[in-house]
Amino acid sequence: MCGISGYVGNGNAPEILFDMLKKLEYRGYDSAGIAYITGDGTIHLPKDKGKVDEVRRKLRPERLKSTIGVGHTRWATHGAPSQVNAHPHADCSGEIVVAHNGIIENYVDLKSELSELGHKFKSETDTEVIAHLVEHYMASEKSVLSALEKTLERLKGSFAITVITSREPDKIFIARNESPMLVGLGVGENFIASDAPAFLSKTKKALILEDMDYGFVSKKTVVIKNLSTRKEVKKKVHKITWGASEAEKEGFQHFMLKEIHEEPNAARNALSAEKELEEIAGKLAKKTRICFVACGTAYHAGLVGKYILENYGIPAEAFVASEFRYSTVETMDDKTGVVSITQSGETADTIAAIKGAKKKDAYIASIVNVVGSSVTRISDDVAYIRAGPEIAVASTKAYIGQVLSCTLLSLLVARAKGRISAHEFEHLKSELKNIPRKIKEAVENRRINEIAEENASTKKFFFIGRNINYPTALEGALKLKEISYVHAEGYPAGELKHGPIAILDQDTTVLAITAEGKLRDKMHSNIQEAKARGAKVITVGFECDLDVPKTDPLLSPILNIVPLHMLAYYISVLKGLDPDKPRNLAKSVTVE
Ligand code: AGP
């Protein structure tokens with residue numbers, strides 16, 4: 001999704017803005033641009049389709065002189081990636097410039113209204129209406145801030161907005177609704193960004209904007225108001241505990257590889273949320289219905305939670321948020337507990353799903369990575385996985401944190417409902433403490449690299465698993481698809497013979513995820529069925545081709561996914577692809 005940067009201080013704004021945009025590249029984008037004001041009050045607006053480095057190279061910001069500006073990386077939603085559609089966007093006069101992350105839903109109406117008043121539009125974007133609206137209201141309002149207030153009243157949709165104007169050239173005006181925005185507080189300089197890594201090397205102190213917050217940032221002042229009261233709000237200064245180096249590669253070839261190596265820590269950190277999870281479990285135990293709701297990888301973590309609850313005879317469901325929000329949500333009530341899972345806390349479908357469920361009086365608990373994100377503010381209770389910043393688009397360490405949290409939460413619910421013996425609970429809890437060490441062993445298994453080499457040119461992959469490892473099959477397949485662009489399907493192993501077995505042949509590799517327990521023999525039969533059709537079978541699990549340490553079958557999804565993360569990573573690299581920035585994907589999907 002789009003990334004926003006803003007700088008005002010004594011440094012060279014154009015250079016700083018590009019440096020900040022580089023740190024936001026992980027959000028996914030197709031165009032980049034900046035706007036800066038020079039001493040004579042002129043606004044300059046270099047922008048283009050392409051990578052931040054390409055736009056930067058053409059501009060050579062080191063030769064420019066400006067101390068205030070805004071930057072933007074665009075992920076196209078309205079209008080194709082192009083120079084003219086790249087942000088920032090200017091009004092008719094070129095004296096007001098806007099960068100925006102989100103979607104203005106009523107932009108068509110606003111555009112025709114403004115066109116009738118004589119405004120001339122250059123781009124196909126929804127964003128440009130904001131610049132013209134501010135221009136329109138500045139004709140009658142005394143200050144830029146009051147023109148911005150009037151503008152915000154007219155906007156429907158999601159936005160994180162930065163505005164600079166030659167009318168008040170020492171300020172960056174800002175506003176947010178549903179799209180993330182932070183202000184980094186420096187000494188004699190301030191920063192604005194969609195996410196903290198953009199300014200972590202400069203400051204760790206930040207203000208997090210809430211919905212309908214707006215205001216301005218200058219060299220030494222930050223004023224934030226909220227549209228509901230129009231009064232200034234006193235914002236808490238958050239101390240960001242992530243170091244700038246944590247947001248960098250630290251010697252690994254890619255962020256994804258670095259993040260896989262951080263999985264043991266992610267597991268350890270997720271375990272530290274036991275108190276929050278216990279409180280949530282107590283509330284969920286009183287509900288008659290428990291629903292996990294999430295998207296993509298996070299949904300797979302929710303599925304694991306569902307299987308664990310069912311294992312203890314507790315009914316549970318797991319839903320993809322984009323489906324849930326338009327149908328299942330209607331069945332929500334105050335007897336339902338919804339557990340949303342999200343790394344970013346900004347996923348549009350997940351946000352809509354929990355907002356809808358909340359309206360129907362359901363209890364909302366969320367398992368989140370990004371502190372202060374939108375989901376955390378909507379939820380009744382939150383448990384953080386504390387995995388640290390995840391930069392690679394493909395989620396790895398956050399998935400480990402999510403699966404572990406869903407596992408622990410489900411065990412705690414089972415205990416609160418008296419469905420698990422104290423002995424079994426203690427056994428599982430103490431085994432959970434061994435999981436970080438066992439993940440480390442799994443990550444260090446050198447055989448994965450060899451298996452990746454042997455399968456790098458395979459065109460068809462099937463990932464099969466049963467019961468609690470069915471989500472592992474889905475997640476293994478998703479990871480391979482995302483970063484290697486090969487066809488990979490995740491399937492419940494027992495379903496193979498109901499159709500998909502027809503496409504198995506000697507050009508197919510089947511990843512069979514195994515675990516000890518009641519379905520082990522059935523899984524072995526499924527493996528034989530695949531082999532009999534000529535498919536190459538790679539087993540995953542304890543004492544398997546992709547080997548992981550032994551653990552309790554209920555905890556096996558946390559270990560079994562580790563070699564699959566590594567396999568996807570190596571295959572992507574062997575294919576000469578960039579696993580950190582897969583095509584067509586964005587890290588946080590903040591639009592529907
Ligand atoms: C993960 O590898 C994917 N890129 C994607 O499925 C992701 O998990 C999904 O978009 C949900 O994101 P969230 O956890 O930030 O809500």
Side-chain angles (χ1 to χ4, degrees), residues 263 266-267 270-271 273-274 277 280-281 284 290-321 324 337-343 350 365-369 383 385 387 395-415 419-420 428-429 431-432 435-436 438-439 442 463-479 490-493 511 513-519 523 540-541 548 551-565:
E263 287 180 353
L271 280 174
E274 187 178 342
L277 291 169
I280 293 170
L284 288 175
I290 299 176
C291 302
F292 293 91
V293 179
C295 297
T297 284
Y299 161 69
H300 301 151
L303 259 182
V304 172
K306 164 196 133 89
Y307 276 108
I308 295 187
L309 286 173
E310 286 177 348
N311 183 64
Y312 293 105
I314 302 163
E317 296 154 277
F319 297 96
V320 167
F324 176 93
V338 170
V339 181
S340 93
I341 305 137
T342 168
Q343 187 282 130
T350 306
S366 295
I367 294 171
V368 185
N369 191 29
I385 60 168
S395 184
T396 53
K397 64 174 178 172
Y399 180 67
I400 293 292
Q402 290 166 344
V403 176
L404 202 139
S405 299
C406 287
T407 301
L408 183 54
L409 177 66
S410 302
L411 293 175
L412 288 162
V413 172
R415 186 177 68 170
R419 299 293 180 94
I420 183 172
L428 288 167
K429 234 188 90 179
E431 179 53 14
L432 273 174
I435 289 287
K438 292 185 178 181
I439 293 177
F463 288 69
I464 57 169
R466 278 178 173 268
N467 193 259
I468 199 164
N469 275 297
Y470 163 49
T472 314
L474 292 177
E475 178 58 12
L478 177 68
K479 216 86 314 175
Y491 242 85
L511 278 296
I513 299 125
T514 67
E516 301 295 308
K518 58 184 180 188
L519 294 170
M523 192 64 208
V540 185
V548 300
T551 187
D552 189 280
L554 268 196
L555 309 185
S556 61
I558 316 173
L559 293 183
N560 285 345
I561 194 61
V562 176
L564 299 182
H565 284 164

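Because the structure is a prediction, the values reported are computed rather than measured.
Of all heavy-atom pairs between Ala318 and Lys306, the closest is N-CD, 3.9 Å. What you find for Ala281 and Leu412 is that their closest heavy atoms are CB-CB, 3.5 Å. The heavy-atom pair separating Ile341 from Gly302 by the smallest distance is CD1-CA, 3.4 Å. Across Pro553 and Ser556, no two heavy atoms sit closer than the pair O-OG, 2.6 Å. For the pair Gln343 and Ala398, the tightest heavy-atom approach, listed with the atom from each and the gap, is CG-CB, 3.4 Å. Taking every heavy atom of both residues into account, Ile367 and Cys406 meet most closely at CD1-SG, 4.0 Å.
For the atom pair OG1 (Thr396) and CD1 (Ile561), the distance works out to 10.0 Å, reported to the nearest 0.5 Å. With rounding to the nearest 0.5 angstrom, the OG1 atom of Thr551 is 4.5 Å from the NZ atom of Lys438. We find the CD1-CD1 distance between Ile513 and Ile464 to be 8.0 Å, quoted to the nearest 0.5 Å. The OH atom of Tyr312 sits 12.5 Å away from atom CZ of Arg415, with the distance rounded to the nearest 0.5 Å. Of the inter-residue distances, the one linking Glu310 atom CD with Glu317 atom CD reads 9.0 Å to the nearest 0.5 angstrom. Note that CG of Leu303 and NE2 of His300 are 7.0 Å apart. Values are rounded to the nearest 0.5 Å.
Residues passing the side-chain hydrogen bond (donor to acceptor under 3.5 Å, both in side chains) test with Ser395 are Glu390, sequence neighbours excluded. Residues passing the side-chain hydrogen bond (donor to acceptor under 3.5 Å, both in side chains) test with Thr407, sequence neighbours excluded: none.
Considering only heavy atoms from C-beta on, Ser366 stays 4.5 Å or farther from Thr342 through its side chain. Residues Ile385 and Gln402 have side chains in contact (heavy-atom distance under 4.5 Å, counting atoms from C-beta outward). Side-chain contact between Leu408 and Glu274 is present, with at least one heavy-atom pair separated by less than 4.5 Å. Residues Phe463 and Leu478 fail the side-chain proximity criterion, which asks for heavy atoms closer than 4.5 Å. Side-chain contact between Val339 and Leu284 is present, with at least one heavy-atom pair separated by less than 4.5 Å. By the 4.5 Å heavy-atom criterion applied to side chains, Pro563 and Val548 are counted as neighbours. Inter-residue side-chain proximity for Val540 and Asn469 is flagged as unmet; no heavy-atom pair is nearer than 4.5 Å. Side-chain contact between Leu564 and Lys479 is absent, with no heavy atoms from C-beta onward closer than 4.5 Å.
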Working for side-chain contact (heavy atoms from CB on, under 4.5 Å), residues Ile439 and Leu559: CA-CA 6 Å; Ile439 293 177; Leu559 293 183; 3.7 Å; yes
Full working for side-chain contact (heavy atoms from CB on, under 4.5 Å) between Phe292 and Ser410: CA-CA 11 Å; Phe292 293 91; Ser410 302; 4.0 Å; yes
side-chain contact (heavy atoms from CB on, under 4.5 Å) assessment of Ile400 paired with Val562: CA-CA 8 Å; Ile400 293 292; Val562 176; 4.1 Å; yes
Test side-chain contact (heavy atoms from CB on, under 4.5 Å) applied to Ile435 and Leu271, step by step: CA-CA 10 Å; Ile435 289 287; Leu271 280 174; 6.0 Å; no
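At distances below 3.5 Å, not a single donor-acceptor pair connects side-chain atoms of Asn467 with backbone N or O atoms of Tyr307. Counting only distance, with no hydrogens or angles, the side chain of Asp552 and the backbone of Leu428 share no donor-acceptor pair below 3.5 Å. Looking only at distances, no side-chain donor or acceptor of Ser405 sits under 3.5 Å from a matching main-chain atom of Ala270.
For the side chain to side chain contact (heavy atoms under 4.5 Å, CB included) test with Ile420, the passing option among Ile314, Leu411, Val413, Asn311 is Leu411; the others fail.
Between Tyr399 and His565, the ring planes lie perpendicular to each other; the angle is over 60°, past the 30° to 60° tilted range.
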